[in-house]
Every structure is written in structure tokens, then in C-alpha cells.
Amino acid sequence: MPVTTKDSAFVRACRGESVPHTPVWFMRQAGRSLPEYRKIREGVGMLESCRRPDLVTEITLQPVRRHGVDAAILFSDIVVPVAAAGVDLDIVAGTGPVVAEPVRTARDVARLRPITPDDVRFVDEAVQLLVRELGATPLIGFAGAPFTLASYLVEGRPSRTYVKTKALMHGDPALWHALCDRLADITLEFLRVQVAAGVSAVQLFDSWAGALSEADYRAHVLPHSAKVLRGLGDTVPKIHFGVGTGHLLTAMGEAGADVVGVDWRTPLDVAAGLVGGRAVQGNLDPTLLFAPPAVVAAEARRVLDEGAKAPGHVFNLGHGVLPETDPDALTRLVELVHAHGR
Ligand code: CP3
């Protein structure tokens, strides 16, 4: 049994060290697929619940207790630090982040002030509570990467085409870079607070980067994500993830992560060849959890066999748990991953 989080299967796999079993956790494991989550969130808004350390602690622990996953992920949201920076926004159920006044001009960018640890005191408090409760189970901190955050700020709400975001990127590159530079500073500060409070790893979510060509990613996005990842130094393992990024995996690895997250479209053995000797995380299709257990098991074994070709493999879904997922399917999947190869 690991005594500290540094000996845990999760941290060891991130670092490409030998593991007793493949570690597993799920993006969006803390959330709407769990009845105990829906109950505790009754009548409490999403942003408000992120700001209450007692609620954050309980919600973060729920999937660890229920599924026996190898890591907890802090209950929060990628827009929490931009709200702390003074942006008027809400997280609307069933829609996602909605920004009152989208950011499109130099004046809008100037209004986006840097954050200090005092602006996110509640995160520091929640992480400290969680680290005490979790013992040798690692806690993953996270933040949104500059591009994905910018897409919400510029569009004002979730988008399919990112038309306003791309128009700004190409129409006024100087303003685009000023916006992303400011977001990188906010993100870095938000992650530093989590690392100082004791998280064992961080994940930088660039969920929507897959909408970009590799050339645009390298010119307009990579330098800002790299500022965040390199700014953290080697304090904790860093995971970098996006959806639909098969064509970006090499570039995303170069941004400076230890582990590159992969969605279900790219087999992990192929991904391993693209990420420059880094560990990989993924990548069972989240919709497969709605298939019969024997199908889930066969697909999970394929993912494990493909992941074994990388220097390190953290089992996960290719994107977040869908709200309608049967929690028992997740518990069974954790058991299967842990038993594999024994
Ligand atoms: O992974 C976890 O369990 C930790 C908690 C977590 C949440 N959001 C809680 C949440 C994490 C890591 C996130 C990150 C996040 N938020 C991302 C990156 C991950 C990804 O999915 O690609 C993005 C793009 C967001 C923005 C966001 N917040 C969206 C698109 C939504 C969904 C809107 C909806 O209701 O369908 C949210 C809301 C949100 N964040 C919920 C949760 C549990 C649902 C709100 C609720 O329960 O009322």
C-alpha cells in the first residue's frame, strides 16, 4: 500500500515509473451521474458550490468513496478563476458558462485584472481540507488553458464554430495575444495556489483546442499554454488534455506536460508515438458506458493493451462522464482496470 501520494500508482504512472496496477480516474467523476451529488447540490448554484470548501470537499470525495478511483479531482470549474478576476459570468445548468459582457476589445481585456491568492482563498482552504481527508490518495488540481477560457470569454457562451474567437485571433493578433497572456497569468496563479495547498498533480484542460489547425495552434495558443505549464516547474506532474486533438498531440506534448490526455478517436499506442516519450491518459469513449458490460470490458482491455505501449498510462475516459451514465458501470470499470494483468 502506498504511504504517500508520491508512491501512488497515479503519480508513478504520470512519471513513467513502474506501477502495481494501471491507475484510473474519470474526468467529470464529481458530478451529475451521482445521486449523492444531485442531492447535495439541490438549491445551490454551481459557482456558489465551488466557493464553499465544505461542499467542495464532500463532492470531491463522493466518487472516491463510491468507485475506489486512484485519484480525486478538485470540484471546481474552469471559469472560477476568471470570475475571481472580476468577469461577470454564470454557469447555466444544461448550457455551461455564460458571460454577461463578452471580451472583444482592448478595453475589455484591460478590465480582466490579475488574481491574487486572496481572490481564491476558498480553493486553498478546500484543497487543504481534502489533502487531509485523502491521505495517500492523490488530489488532482486543474485549470482551463488560455484558448479554451478565451473561447468562453469571447463567444460569451459555449460555441460550436468558435467564429468570434477565431475572428479575433486572426483579425487582431496583438489583442488576441494580450488576452491569452492575461489568461495565462490568471491560470498560472490559480494552479500555484492549488500546488501550494497540496495537490499531487494538475490537469490543464484545453478542451476545445481541437477546433484549430496545427499551424494556428502553434502560432496562437501553444506559447500561452507553455507559459502556464513551464511556469509551474517540476513541482507536480502536469497533464494536458483536449478533445479531437489527434493532429495536435505532438504540439500539446511540446507545451510542457508530463502526460498528454487523448480522446477516444486516437488509439493510445498511436498517441504514444506522437507525444515524445511522455505518458498518456485516456481514452475509453464515454458513450461506451451505455453498452452492455461485456462490450465495455472488451473495449477497456483494448485501451489497457494499447496504453501499455506508452512509458506510462493513466486510464480515463476520452472526455468527461456523461450525466446519464449509470454509476455502477463506472465502479465495474474501476474494478476491471485494477484487476487487469494480475
Ligand atoms: O472532473 C470533475 O469531476 C471535476 C469538476 C469539473 C467541473 N468542470 C464541474 C462541473 C471540471 C474538471 C470541470 C472542467 C470544465 N468546465 C471544462 C473542461 C473539461 C471538459 O469537459 O472538457 C469545461 C469546458 C468547463 C465548462 C463547463 N462547465 C461546461 C461545458 C459545463 C457543462 C454545462 C452543463 O450543465 O451541461 C459546466 C458546468 C459544470 N462543471 C458542471 C459540473 C459538475 C455541471 C453543473 C451542475 O452540476 O449543475
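Both counts, for ligands and for their atoms, begin at 1 and track the order of listing.
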Share the residues that join V19 in a hydrophobic cluster, the rule being Ile, Leu, Val, Met, Phe, Trp or Tyr side chains under 4.5 Å apart at the heavy-atom level.
none
Who pairs with E214 by side-chain hydrogen bond (donor to acceptor under 3.5 Å, both in side chains), at least two apart in sequence or on another chain?
R218
Pairs in or reaching into residues 183-207: which pass ring-ring contact (aromatic ring centres under 6.0 Å, His included), with residues at least two apart or in two chains?
F142-F205
Atom CE of M27 and atom CD1 of I73: how far apart are they, to the nearest 0.5 Å?
8.5 Å
Determine whether T165 and W176 make a side-chain contact, defined as any pair of heavy atoms from C-beta on separated by less than 4.5 Å.
yes
Enumerate the protein residues lying less than 4.0 Å from ligand 1, judged by heavy-atom distances, in chain and residue-number order.
M27, R28, Q29, A30, R32, Y37, R41, M46, I73, L74, F75, S76, D77, I78, I91, A93, G94, T95, G96, P97, F142, Y152, F205, S207, W208, H319
Just do the side-chain contact (heavy atoms from CB on, under 4.5 Å) check on E299 and D285 with the steps written out, would you?
CA-CA 9 Å; E299 281 292 297; D285 186 334; over 6 Å; no
